[in-house]
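Reading through the structure tokens given below for one structure.
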Amino acid sequence: MTISYKSAQFELKREPDQNGEFEGYASVFGVVDQGMDVVVRGAFSKSLGSGRKVKMLWQHDQSQPIGKFTEIKEDERGLFVKGRLLKEVQQGREAMAMLREDVIDSMSIGYRTVEAIEEGNGSVRKLMEVDLFEISLVTFPMLPSAKITDVKSIQTEREFERFLRDAGYSRKVAAALTLHGFKAIDCQRDAVADDEQKRADAMRAVLEKLTSLQETIYG
């Protein structure tokens, strides 16, 4: 069984309270991500109906559970979760503090693809059904692949930082990437062509540069 991981900005609706309880969205429907996948509404329904408990982990580390989910459901926007971080666990306490300070603002789902269909000559994969195993708090999100036209229209550092914020990066990380990396990726956006496959390839190249830059800055 192959477990895949898909990260996104965690849309926090309520930050952790004194008991460590929080709520928000772990996945949003209809958004194409770095892997050129898009999750459709209903993809989680069968898995959620199985009765299996979805684990809350730190950085996908099975040896570091940090809390428990009290509610996971699909709504019209995405995968809505309510959970409680365990203050009795050191990493749970640290995760709570980092969520409150906007140091961590991303989650990643661990899942198995059950059914998927390809669109756009295979450039995009729609996940129709997935088997959900765990949801982790993670340091970096998987950058959603915003429309290529949005990438190509970026002309200034301010626009680039806004693009990163819209894509799911925290304000702190977006500012750091802009400071160190705008010139490094500026030439890549001009490689965008009208051909659909070339657009997808250009986006992947931009994302690879960003991933490499993250590793350079944050080690």
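Heavy-atom basis, side chains included; hydrogens, waters and symmetry copies ignored. Everything quoted here is computed from the prediction, not taken from an experiment.
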Close side-chain approach of L57 and Q64, heavy atoms under 4.5 Å: no

- request: Determine the minimum heavy-atom distance between F29 and D75, stating which atoms define it.
  value: CE1-O, 3.3 Å

message: A side-chain contact here means heavy atoms from C-beta on lying under 4.5 Å apart; do R52 and D131 qualify?
response: yes

- prompt: Judged by atom type as modelled, is there a donor-acceptor pair below 3.5 Å linking the side chain of S47 to the main-chain atoms of F44?
  reply: no

- line: With F69 as partner, the option from E134, M56, K53 fulfilling side-chain contact (heavy atoms from CB on, under 4.5 Å) is M56

query: In the hydrophobic clustering (ILVMFWY, side-chain contacts below 4.5 Å, transitive), which residues join L86, or is it alone?
result: V89

- prompt: Do Y111 and L127 have side-chain heavy atoms sitting under 4.5 Å apart?
  reply: yes

query: Is any side-chain heavy atom of M96 less than 4.5 Å from a side-chain heavy atom of M98?
result: no

message: Please evaluate residues H60 and V138 with respect to the criterion side chain to side chain contact (heavy atoms under 4.5 Å, CB included), reporting the C-alpha separation (whole Å), side-chain torsions for both, the decisive distance (0.1 Å), and the verdict.
response: CA-CA 8 Å; H60 295 300; V138 295; 4.1 Å; yes

- request: Enumerate the residue pairs fulfilling salt bridge (charged side-chain N to carboxylate O under 4.0 Å, His left out) with a member in residues 55-72, sequence neighbours excluded, ordered by first and then second residue.
  value: E71-K73, E71-K82

- prompt: Hey, mind stepping through V28 and R77 against side chain to side chain contact (heavy atoms under 4.5 Å, CB included) and telling me if it holds?
  reply: CA-CA 6 Å; V28 178; R77 179 161 179 73; 4.2 Å; yes

query: Do V39 and V130 come close enough that some side-chain heavy atom pair is under 4.5 Å?
result: no

message: When you group the ILVMFWY residues by side-chain heavy-atom contacts below 4.5 Å and let the links chain together, are I72 and L99 in the same group?
response: yes

task: Taking the side chain as every heavy atom from C-beta outward, state whether L79 and L132 have any pair of such atoms under 4.5 Å apart.
output: yes

- prompt: Would V81 and Y25 count as a side chain to side chain contact (heavy atoms under 4.5 Å, CB included) if you check the C-alpha gap in whole Å, the side-chain angles of each, and the deciding distance to 0.1 Å?
  reply: CA-CA 6 Å; V81 300; Y25 287 90; over 6 Å; no

- prompt: Taking side chain as C-beta onward, heavy atoms only, is V54 less than 4.5 Å from I135?
  reply: yes

- request: For E115 and T113, run side chain to side chain donor-acceptor pair (under 3.5 Å): C-alpha distance rounded to whole Å, both residues' side-chain angles, the deciding distance at 0.1 Å, then the answer.
  value: CA-CA 6 Å; E115 181 184 357; T113 301; over 6 Å; no

- prompt: On the ring face of F133, is R112 found with NZ or CZ under 6.0 Å from the centre and within 45° of the axis?
  reply: no

- prompt: E118 versus V124: any side-chain heavy-atom pair under 4.5 Å?
  reply: no

query: Just by distance, do the side chain of R93 and the backbone of K87 share a donor-acceptor pair under 3.5 Å?
result: yes

Pair E74 + R41: basic N to acidic O under 4.0 Å: no

query: Does one hydrophobic cluster hold both I117 and V114, with members joined at side-chain heavy-atom distances below 4.5 Å?
result: no

- line: For A95 and I66, the nearest pair of non-hydrogen atoms, with its separation, is CB-CD1, 4.2 Å

